[in-house]
Every structure is written in C-alpha cells, then in structure tokens.
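What follows is a set of notes on a single structure, which appears directly below.
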Amino acid sequence: MAKATHMQDHFAQVAEHYRNVRTTDEAPIHYICQRLAERGCTRAADVGCGAGRYDLLLLQKMPELHLLCIDRSVEMLRHLTEHLREAGVDRFEPVQTGVDELRLKDNSLDAVFTFNAIHHFDFPAFIRNASRALRTRGQIFIYTRTPEQNAKSVWGQYFPGFLDKEQRLYSQDQMRTWVEASGCVLSNVETFQFTRRATVARLLQQAHARHYSTLSLYETQEFAEALQTFERNIQSQCNSSDAVVWDDENVLLVIESQPSN
Ligand SMILES: C[S@@+](CC[C@H](N)C(=O)[O-])C[C@H]1O[C@@H](n2cnc3c(N)ncnc32)[C@H](O)[C@@H]1O
C-alpha cells in the first residue's frame with residue numbers, strides 16, 4: 001500500500017514535465033498501426049496512458065480510432081486532455097481508475113495498448129481483463145523493456161544502484177508463460193533497437209526530473225551521491241561532440257485473444 005501511494009505521488013509530481021523528459025519511440029506505433037490496418041481498429045484502450053504522448057500518435061495515425069485513455073493519475077489525465085485538445089483531437093475519453101478496479105465492457109474493443117506501464121500492473125489480471133474486452137481477433141500490445149534491456153540502457157550501465165532498485169520489470173519468459181496460461185496467443189514478440197545520443201546536460205535534466213520512476217526509489221542523500229557518480233561516469237563516455245551514445249532496446253508483445261468460434 002505504501003509502495004502504491006509512493007508511486008501515485010511520484011506520477012502526480014512528474015505529470016507536468018513527463019512528455020518533455022521521456023524519449024518517445026515512433027517505431028512501435030508504426031508497427032501497431034500496420035498490424036491493426038489488416039482488421040481495422042475503431043475502438044481501443046490505452047491502459048496507464050500517462051500524459052498522452054503515445055495516444056496522440058495513435059490517434060493521428062488512425063483517423064477512425066476512438067480511444068479510452070485510462071490511468072490512475074488525475075494529474076496525468078489532465079495533461080493528456082490538454083495535450084490532445086491542443087492538437088485538435090477529440091476522439092478520446094479519459095478514464096480515471098486503477099487497473100485493478102478497471103471494468104472494460106466485454107467484446108467492446110479492437111485493441112488494448114499499454115506503453116511502459118505493464119511493470120506497474122498485475123500481468124495475469126491485466127491480460128484476463130483486456131482479453132475479455134476484445135472483440136474477435138482483437139489484439140493486446142504491450143510495449144516494455146525487460147530486465148536485460150534495462151541493463152543495457154545508459155541508466156543501467158552508469159547510474160549506481162539502478163538495476164538493484166528496479167526489480168519490477170518482467171522477463172520475456174515470464175510474460176510468455178503468463179500469456180500461455182491465460183489461454184491467449186502470443187502471436188509475436190517484436191524487438192526495437194534505437195541508437196540514442198544525449199548530452200550530459202540532457203541526461204542530468206532527466207535524472208533530476210526522475211523521468212524513470214526507478215529514480216524515485218532512492219533516498220535523498222543516496223540519490224545525490226548516485227547522481228554525482230553518474231555524472232562522472234557519463235562525462236568519461238562523452239565523444240568529441242560532447243554526447244553520450246548508447247543502444248537502447250525495447251520489446252513489443254502482440255497478444256491475440258482466442259477466436260471465439
Ligand atoms: C511509466 S508511466 C507511462 C505512461 C505512458 N504510457 C507513457 O509511456 O508515456 C506509467 C503510467 O501508469 C500509471 N499507472 C501506474 N499504476 C497504475 C495502476 N495500477 N492503474 C492505472 N494506472 C497506473 C501511472 O499513473 C503512469 O501514468
């Protein structure tokens with residue numbers, strides 16, 4: 001309970017700057033849109049939608065889409081609503097609820113998405129809930145990083161204690177086992193690789209903003225010391241243009257509910 005409250009406070013605090021301090025990947029959105037084009041997608045939900053950076057991309061690329069934007073955080077949903085309205089998009093409905101209390105209508109959706117949020121959820125319960133809501137041949141898309149992928153990131157490599165603190169991420173094997181046990185079908189696991197470049201200033205700005213919730217798990221003094229070491233570590237990695245370069249990797253699980261016939 002204390003952990004859940006801590007996370008809720010964290011997301012309330014970061015909501016205003018969240019989109020600016022995270023790196024948004026367009027490649028998984030292109031992939032999702034291509035997959036959904038085959039069957040059409042008019043109604044979907046994004047669970048743990050945050051401040052709406054992926055929702056805007058989905059809504060722009062799928063002009064027929066109506067999207068339920070679901071999140072526990074009132075602050076995130078406020079910033080999502082502003083963001084989508086400013087972009088002239090109104091085909092969305094913000095829904096403020098925790099995933100445990102979420103009751104999606106049976107057979108009502110073509111797709112359910114979750115980006116960078118599955119490690120905050122009970123995975124089997126999420127799949128059960130989402131698959132019940134899917135229409136025949138509907139799909140669930142889970143974009144996340146595994147513990148191994150986390151270890152390769154600039155944070156995993158150079159921020160002291162980052163990997164020990166982050167114990168919530170699910171391994172690919174664990175997720176596969178849960179999907180199979182649910183009676184759904186894991187139809188694809190797509191890996192995305194990105195070569196990232198960032199200045200030291202940008203990385204420090206992200207860390208100060210606690211852009212990954214992992215960074216909110218440090219005590220104040222512990223964080224200050226880790227941040228100093230991180231700065232030294234990344235300074236030593238800078239190339240001649242003062243940038244740090246590394247490869248990030250993420251994974252997209254594509255899950256189909258069993259056809260009902
Ligand atoms: C890491 S953020 C990702 C936000 C967004 N998907 C993105 O990639 O920008 C995780 C989001 O999940 C939400 N969240 C965490 N636990 C939740 C829960 N149990 N029920 C609903 N939303 C939750 C948080 O409020 C936060 O907005």
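Both ligands and their constituent atoms are indexed starting at 1 by order of listing. Values reported hereafter were calculated over all heavy atoms of this structure, with side chains retained and with hydrogens, waters and symmetry mates removed.
Near Tyr54, meaning under 4.0 Å from any of its heavy atoms, are these atoms of ligand 1: 8 (O). Contact atoms of ligand 1 toward Met76: 27 (O) (distance under 4.0 Å to a heavy atom of the residue). Listed by atom number, the atoms of ligand 1 under 4.0 Å from Ser73 heavy atoms are 25 (O). For ligand 1, the atoms closer than 4.0 angstrom to any heavy atom of Thr97 are 21 (C).
Counting only non-hydrogen atoms, the option in Tyr18, Tyr212, Tyr143 that gets closest to atom 1 (C) of ligand 1 is Tyr18. The heavy atom nearest to atom 8 (O) of ligand 1, out of those in Thr144, Asp55, Asn116, is found in Asn116.
Here the closest heavy-atom approach between residue Cys184 and residue Ser131 is recorded as SG-CB, 3.6 Å. The minimum heavy-atom distance linking Leu77 with Cys69 is given by the pair CD2-O, 3.6 Å. The heavy-atom pair separating Arg91 from Met62 by the smallest distance is NH1-O, 3.1 Å.
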task: Could you check His6 against Phe11 for ring pair (Phe, Tyr, Trp, His ring centres under 6.0 Å), going step by step and ending with a plain yes or no?
output: CA-CA 9 Å; His6 174 84; Phe11 285 118; 9.7 Å; no
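Counting heavy atoms under 4.0 Å from ligand 1, residue Ser213 does not touch it at all.
Both the sub-6.0 Å distance and the 45° axial angle are satisfied by Arg145 relative to the ring of Tyr212.
Here the heavy atom of the protein found nearest to atom 27 (O) of ligand 1 is Asp71 OD2, 2.7 Å. The protein heavy-atom contact nearest to atom 22 (N) of ligand 1 is Arg72 N, 3.3 Å. If you check which protein heavy atom lies closest to atom 23 (C) of ligand 1, you get Phe121 CE2, 3.7 Å. At the top of the distance list for atom 20 (N) of ligand 1, counting protein heavy atoms only, stands Val99 N, 2.8 Å. In terms of protein heavy-atom proximity, atom 4 (C) of ligand 1 is nearest to Gly48 O, 3.4 Å.
Paired with Phe230 under the rule ring pair (Phe, Tyr, Trp, His ring centres under 6.0 Å), one option of Phe223, Trp155, Phe162 passes, and it is Trp155.
Classified by interplanar angle (parallel below 30°, tilted 30° to 60°, perpendicular above 60°), the ring pair Phe115/Tyr54 is parallel. Between Trp178 and Tyr170, the ring planes are perpendicular. Angles over 60° get that label, and only those under 30° would be called parallel.
In terms of N/O distances under 3.5 Å, ligand 1 is approached by Phe115. By the 3.5 Å distance cut-off applied to N or O atoms, Phe11 is not counted among the residues near ligand 1. In terms of polar-atom proximity, Gly98 is not counted as a contact of ligand 1, lacking any N or O under 3.5 Å from an N or O of the ligand. Backbone and side-chain nitrogen or oxygen atoms of Arg53 are examined, and one is located within less than 3.5 angstrom of a nitrogen or oxygen of ligand 1. Polar contact check, His120 against ligand 1: no nitrogen or oxygen pair lies under 3.5 Å apart.
More than 12 heavy atoms of other shown residues, nucleotides or ligands fall within 6.0 angstrom of atom CD in Gln167.
Taking the six-membered ring for Trp and the full ring otherwise, the centers of Tyr158 and Trp246 sit at least 6.0 Å from each other. You'll find the ring centres of Tyr218 and Phe159 inside the 6.0 Å limit.
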